[in-house]
Protein chains: 2
Amino acid sequence: MIKKSTLEKVISEDLAEIWAILTSDEKRRVVDNFVIHNFKKNQIIYAENEEPEFLWCLLKGKVKMFKDGIGGRQQILRLYRPIQYFGYRAYFAKEPYVSSAAAFEISTLGAIPMTLVKELIDGNKNLAWFFIHELSKHLGGSDTKIVNLTQKHIRGRLAEALTLLIDNYGFEDDTETLKIYMAREDIANLSNMTTSNAIRTLSSFVSEGIIIVDGRRIKVINEPLLRKISKFG
Amino acid sequence: MIKKSTLEKVISEDLAEIWAILTSDEKRRVVDNFVIHNFKKNQIIYAENEEPEFLWCLLKGKVKMFKDGIGGRQQILRLYRPIQYFGYRAYFAKEPYVSSAAAFEISTLGAIPMTLVKELIDGNKNLAWFFIHELSKHLGGSDTKIVNLTQKHIRGRLAEALTLLIDNYGFEDDTETLKIYMAREDIANLSNMTTSNAIRTLSSFVSEGIIIVDGRRIKVINEPLLRKISKFG
DNA sequence: ATACAGCAATGCTATAAAACACAAAATTAT
DNA sequence: ATAATTTTGTGTTTTATAGCATTGCTGTAT
């Protein structure tokens, strides 16, 4: 927990999209029930099969949503950056979580009880529309991902994962170094391949001059080609 | 178009879930804007990249929602039965369709303009909750499908497809013949495999006494085993 | 300095599934 | 009924990718 005086400021600055929707009365109710949590690298935020209780708002850091599959093989479903919301779907569907969430790096999150979110939606149709829109976007993305992961070949899947990282987290000030530093295993889990193949295919991309790799630092040299491989590979 | 006198009866009987939510005034607005369409076998209802205009309500028949992928390979994303709604996601996401819908067999559908649906949601929070719940369920299903299709082996994927057909359409009166008669190609498109492999694997299931196949008629003999293969295979 | 642990990289092998080719059967059209 | 077309079934070949083993590299603790 951080102290209350700074809390309201943090919230009002960061909750942005949702904040603009709420009335001052509703905002107070959020502030009164907003609890800040800090998570260490790789710490689980919630796990599959648990009952959903909170709307999570990522304030700082990076979060992955994933599903453990056959033989412990993990599939990363979505990545979150500040300020984004997650953890609400299962509550709305009236079922336990079907996926887990974990912090990729040291992260700060806010938790709002879903019971409160439900009340707020009941009283504010703009908030209802916010979630309808959010869920609809994610559903479209998920449907598209099904085809990408099942039909694209390994190069296409890796290229797609890299473009996803670009679109989600962007570049450092040099405009070419990816602003996320993932283990090869996580890159593999994002692209539905084994770690070996993620490494192998990254190497191919390096030798083709598409990227430069230095440990976990990935520089994108030929972004148009990367997107082309993602699209047609 | 069918004649108006029977129309209201059809709607009130069939729209069930949504109908119960609406006030009599709202119901009248739906009836006034509800247009019945008949579709032939394999006829497209809407196609990827088109702009969404209508909420579709399947009254009679069977509908598949699918996405065309690499090399024209089709992935079936969801199947609908009466009375279910679809076609609204893209409108809510404010984007063109990312998938297509087609009738599996001769089907009757009702179309309601999304502009009207939007107005109804604005005025009726229960309807908002209906869609939040619906979208949330589908998103969970889609995320689960990603892992099932990418990580399960061919037998597991086919077994899963068959159990999906059981759960969606059930059995004929003999309690073992599947109430849907799909082409092998469609079974393949549902299970992310080639037609050859769908045929081959169906044959394996036959020789293992799990199912009996007679043309497009599939009898499920050992449902528990089928579900077991679906879960662990 | 040394040992150790954890990643990253790479080659080799096994195998699941796709691609291809063709025949038989069933459906549809004439 | 006959021809034409589509769907189904099966065997063979090819390929992509998983699995495994090995090695080197880097950082950290002893």
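Residue numbers start from 1 in every chain, and the chains themselves are labelled A, B, ... in the order their sequence lines are given, proteins ahead of strands.
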**Student:** DNA chain D: Met193(A) or Gly215(B), which has the more 5' nearest nucleotide?
**Tutor:**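 The residue whose closest nucleotide sits nearer the 5' end is Gly215(B).
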
**Student:** Is any side-chain N or O of Arg216(B) closer than 4.0 Å to OP1 or OP2 of dT8(D)?
**Tutor:**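 Checking dT8(D) against Arg216(B), a side-chain N or O does come within under 4.0 Å of OP1 or OP2.
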
**Student:** Using whole Å, report how far CG of Asp214(A) lies from P of dA9(C).
**Tutor:**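 Atom-to-atom, Asp214(A) to dA9(C), this comes out as 10 Å.
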
**Student:** To the nearest angstrom, how far is Ile218(A) atom CD1 from dA8(C) atom C1'?
**Tutor:**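 Taking atom C1' of dA8(C) as the reference, CD1 of Ile218(A) is at 12 Å.
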
**Student:** Nearest whole angstrom, please: distance from the C1' of dA26(C) to the CD of Glu185(B).
**Tutor:**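 It is 16 Å, rounded to the nearest whole Å.
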
**Student:** Do Arg200(A) and dG11(C) share a donor-acceptor pair, side chain to base, under 3.5 Å?
**Tutor:**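 It does, because a donor-acceptor pair links the side chain of Arg200(A) to the base of dG11(C) below 3.5 Å.
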
**Student:** Mind telling me whether Tyr97(B) and Tyr46(B) have parallel, tilted or perpendicular rings, with 30° and 60° as the class edges?
**Tutor:**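 Aromatic pair Tyr46(B)/Tyr97(B) classed parallel.
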
**Student:** To the nearest angstrom, how far is Ile199(B) atom CD1 from dC20(C) atom P?
**Tutor:**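 Going from CD1 in Ile199(B) over to P in dC20(C) covers 16 Å.
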
**Student:** Relative to each other, are the rings of Phe131(A) and Tyr88(A) parallel, tilted or perpendicular (30° and 60° limits)?
**Tutor:**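 Ring orientation, 0 to 90° scale: perpendicular.
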
**Student:** Please report, rounded to the nearest Å, how far the P atom of dA18(C) is from the CG atom of Asn189(B).
**Tutor:**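 Value for this atom pair: 12 Å.
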
**Student:** Among the nucleotides dT10(C), dT17(D), dT10(D), which one has an atom lying closest to any side-chain atom of Ser203(A)?
**Tutor:**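 When the side chain of Ser203(A) is considered, dT10(C) is the closest of dT10(C), dT17(D), dT10(D).
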
**Student:** Hey, does the side chain of Thr194(B) come within less than 4.0 Å of dA18(C)'s phosphate (OP1/OP2), counting only N and O?
**Tutor:**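 For Thr194(B), the contact criterion (side-chain N or O under 4.0 Å from OP1 or OP2 of dA18(C)) is met.
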
**Student:** Does Ser107(B) reach the main-chain N or O of Glu105(B) with its side chain, forming a donor-acceptor pair under 3.5 Å?
**Tutor:**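 Pair found, side chain donor or acceptor close to backbone of Glu105(B).
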
**Student:** At under 4.0 Å between heavy atoms, what does Ser196(B) touch on the DNA or RNA strands: base, sugar-phosphate, or nothing?
**Tutor:**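 Base contact.
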
**Student:** Quick one: Arg73(A) CZ to dT17(D) P, roughly how many Å, whole number?
**Tutor:**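 For the pair Arg73(A) CZ and dT17(D) P, the rounded distance is 12 Å.
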
**Student:** Find the distance Met182(B):CE to dT6(D):C1' and express it as a whole number of Å.
**Tutor:**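 Rounded to the whole Å, the gap is 18 Å.
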
**Student:** Go through it in stages, so that I can follow the logic: the residues are Asn192(B) and Arg73(B), the test is side-chain hydrogen bond (donor to acceptor under 3.5 Å, both in side chains), and I'd like the CA-CA distance, side-chain angles, deciding distance and then a yes or no.
**Tutor:** CA-CA 9 Å; Asn192(B) 180 36; Arg73(B) 240 181 87 195; 2.6 Å; yes

**Student:** Find which nucleotide of DNA chain D each of Asn197(A) and Asn197(B) is nearest to by heavy atoms, and output the residue with the more 5' nucleotide.
**Tutor:**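 Closest to the 5' end, via its nearest nucleotide, is Asn197(B).
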
**Student:** For the side chain of Ile154(B), starting at C-beta, report the closest nucleotide among dA18(D), dA17(C), dT8(D).
**Tutor:**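 The listed nucleotide nearest to Ile154(B)'s side chain is dA17(C).
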
**Student:** Which of these nucleotides, dA18(C), dA9(C), dT8(D), is closest to any side-chain atom of Val213(A)?
**Tutor:**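 Per side-chain heavy atoms of Val213(A), the pick is dA9(C).
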
**Student:** For Phe104(B), is the NZ or CZ atom of Lys64(B) found under 6.0 angstrom from the centre of its six-membered ring and inside 45 degrees of the ring axis?
**Tutor:**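 Verdict for Phe104(B): a cation-pi partner in Lys64(B).
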
**Student:** Tell me: CD1 of Ile70(A) to C1' of dA16(C), nearest whole Å?
**Tutor:**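 Computing the Ile70(A):CD1 to dA16(C):C1' distance gives 15 Å.
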
